[in-house]
Number of protein chains: 2
Amino acid sequence: MSTVDRVERVVIDDLLRGALAPGTRIRQDVLADQLGVSKIPVREALQRLSALGLLHFETNRGAAVPTLSVAEAIENSVLRKSIEVEILRQAIPNMSIVDLAEAELALGNAELGVTESNWAFHRALYQASGWTRGLAMVEILHAAMAPYVLLYIESLGGAEPSESEHRELLAACREGDVERAVRLLTSHLAEASSAVIDFLSMNEARGDDV
Amino acid sequence: MSTVDRVERVVIDDLLRGALAPGTRIRQDVLADQLGVSKIPVREALQRLSALGLLHFETNRGAAVPTLSVAEAIENSVLRKSIEVEILRQAIPNMSIVDLAEAELALGNAELGVTESNWAFHRALYQASGWTRGLAMVEILHAAMAPYVLLYIESLGGAEPSESEHRELLAACREGDVERAVRLLTSHLAEASSAVIDFLSMNEARGDDV
DNA sequence: GAGATAATAATCGTATACGATCGCAGTCAT
DNA sequence: ATGACTGCGATCGTATACGATTATTATCTC
């Protein structure tokens with residue numbers, strides 16, 4: 001694993017954890033010092049993330065966590081739905097006991113934050129697909145939404161609402177019932193994202209930069 | 001537009017043109033000299049492309065155009081289909097005369113190579129969606145397949161087979177008939193990609209690195 | 001005291017520099 | 001002649017260095 005890979009992972013994990021609020025600027029030499037490297041590999045990692053849309057570069061102002069418009073949030077949700085459905089279709093016939101156990105584990109895991117645990121669950125279900133690129137795309141979409149999901153959950157007081165939906169979805173996967181699983185995933189994603197989008201719309205209407 | 005942006009565009013365009021065959025290694029200082037810059041922005045651009053899966057970095061061996069397995073080609077096709085359908089749905093109600101004219105123009109344009117013209121046509125249809133991320137994803141998938149599409153067409157003797165399908169699709173968009181357009185796009189993509197995938201399968205069976 | 005302007009400090013972007021690694025050519029021993 | 005070894009050239013990865021740009025503080029004027 002190269003230096004650039006390590007830096008990239010650190011920043012992605014920070015995003016998935018919600019440690020980087022929208023708008024946060026990333027100081028290249030600070031990050032470089034923290035990791036004990038020079039700016040060069042740091043910049044290369046940031047450029048990777050900007051290619052994925054997880055960061056935004058502005059000339060002479062460096063990289064920052066982009067703020068999402070409502071339209072972009074909707075776009076992300078639609079993309080997520082259509083990609084995740086295809087991956088799940090591909091994954092279910094290939095799922096092993098291990099994959100299912102990993103998904104189960106992610107559900108109860110109190111070590112992880114809400115968005116981390118959520119993504120760990122979904123990734124566990126998808127990994128049997130073997131679709132490297134598709135998985136990467138979905139991870140990106142999760143990471144891009146994470147800061148806002150966190151804000152939304154905070155505004156709710158910290159409840160994780162989709163526990164039971166996750167359990168149902170897991171059961172359908174266990175039984176190998178592709179069509180039911182796809183139906184459950186579709187409605188689960190629709191509910192989760194419409195909640196966040198409504199939350200975003202309210203704030204956008206109020207003129208908040210969130 | 002930053003230096004990194006320029007370098008990135010040059011390489012993506014080379015890929016879409018098919019100027020970079022699978023397996024080609026990219027020499028950083030050669031490219032840097034050609035563009036009159038140092039290695040730093042070149043490497044940053046290559047890292048962006050590697051994040052998108054258009055290039056593959058190997059430690060101490062730099063970046064190279066990845067060779068696609070049949071499984072990956074199938075994955076790309078499925079992803080393309082599901083993403084492009086959603087974008088087209090979003091785009092049709094927002095299409096302007098200009099978008100349609102651009103698409104028409106791309107069809108007949110003999111200046112462009114086959115894959116370039118094909119992508120120009122599809123992009124023209126999609127741009128009205130306003131979906132930045134979705135468009136970027138689809139462009140990536142096109143660029144990843146382009147080297148192989150080129151090889152396939154070469155093996156056929158250079159014929160562009162999907163002219164009439166394109167015209168039908170364009171007509172449906174003009175009439176604003178979303179469902180017909182989606183049907184046409186779906187079958188068009190299915191045909192085009194299954195041809196390339198069959199071609200790839202043959203070569204993989206023969207043990208060619210293509 | 002408030003606002004505008006100048007000086008200073010932070011930060012960015014990229015060129016240069018250099019050690020590390022890889023691949024190949026030439027040499028030697030068998 | 002063939003196979004292993006050594007040395008050199010090419011290429012990579014990253015640290016350092018520096019000019020350019022942006023932010024911040026200090027100073028001056030009204």
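Small disclaimer: the values here were computed from a predicted structure and weren't measured. What you see below is based on every heavy atom in this structure, not just the backbone, and it leaves out hydrogens, waters and symmetry mates. Proteins come first, then strands; the chains are lettered A, B, ... in the order of their sequence lines, and each starts at number 1.
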In whole Å, what is the span from the [atom1] atom of [X] to the [atom2] atom of [N]?
X: A:Arg25; N: D:dT21; atom1: CZ; atom2: P; value: 16 Å
X: A:Glu44; N: D:dG13; atom1: CD; atom2: C1'; value: 8 Å
X: A:Arg43; N: C:dT11; atom1: CZ; atom2: P; value: 15 Å
X: B:Asp29; N: C:dT16; atom1: CG; atom2: C1'; value: 13 Å
X: B:Arg27; N: C:dT21; atom1: CZ; atom2: P; value: 19 Å
X: B:Met1; N: C:dG13; atom1: CE; atom2: P; value: 16 Å

Pairwise distance OH(B:Tyr148) to OG(B:Ser193) - rounded to 0.5 angstrom: 15.5 Å
Sugar-phosphate, base or nothing in reach of A:Leu46, heavy atoms under 4.0 Å: nothing
B:Asp198 versus B:Ser201, side-chain donor and acceptor atoms under 3.5 Å: no
D:dA10 OP1/OP2 closer than 4.0 Å to side-chain N/O of B:Gln28: no
D:dG13 OP1/OP2 closer than 4.0 Å to side-chain N/O of A:Ser2: no
Basic-acidic side-chain contact under 4.0 Å: A:Arg80, A:Glu75: no
Ion pair check, A:Arg48 and A:Glu44, cut-off under 4.0 Å: no
Sequence neighbours excluded - salt bridge (Lys or Arg N to Asp or Glu O under 4.0 Å) pairs with any residue from residues 125-139 of chain A: A:Arg9-A:Glu139
Identified side-chain contact (heavy atoms from CB on, under 4.5 Å) counterpart of A:Ile74 within the set A:Leu79, A:Ile197, A:Leu68: A:Ile197
Nucleic acid contacts - residues 33-42 of chain B versus DNA chain C, non-hydrogen atoms under 4.0 Å: B:Val37, B:Ser38, B:Ile40, B:Pro41
Interface with DNA chain C, restricted to residues 53-65 of chain B and to heavy atoms under 4.0 Å: B:Asn60, B:Arg61
Under the side-chain hydrogen bond (donor to acceptor under 3.5 Å, both in side chains) test, residues paired with B:Arg123 that sit two or more places apart: none
Which residues share a side-chain hydrogen bond (donor to acceptor under 3.5 Å, both in side chains) with B:Arg25, sequence neighbours left out: none
Residues which pass ring-ring contact (aromatic ring centres under 6.0 Å, His included) with B:Phe121, listed by chain and number, not counting sequence neighbours: B:His166
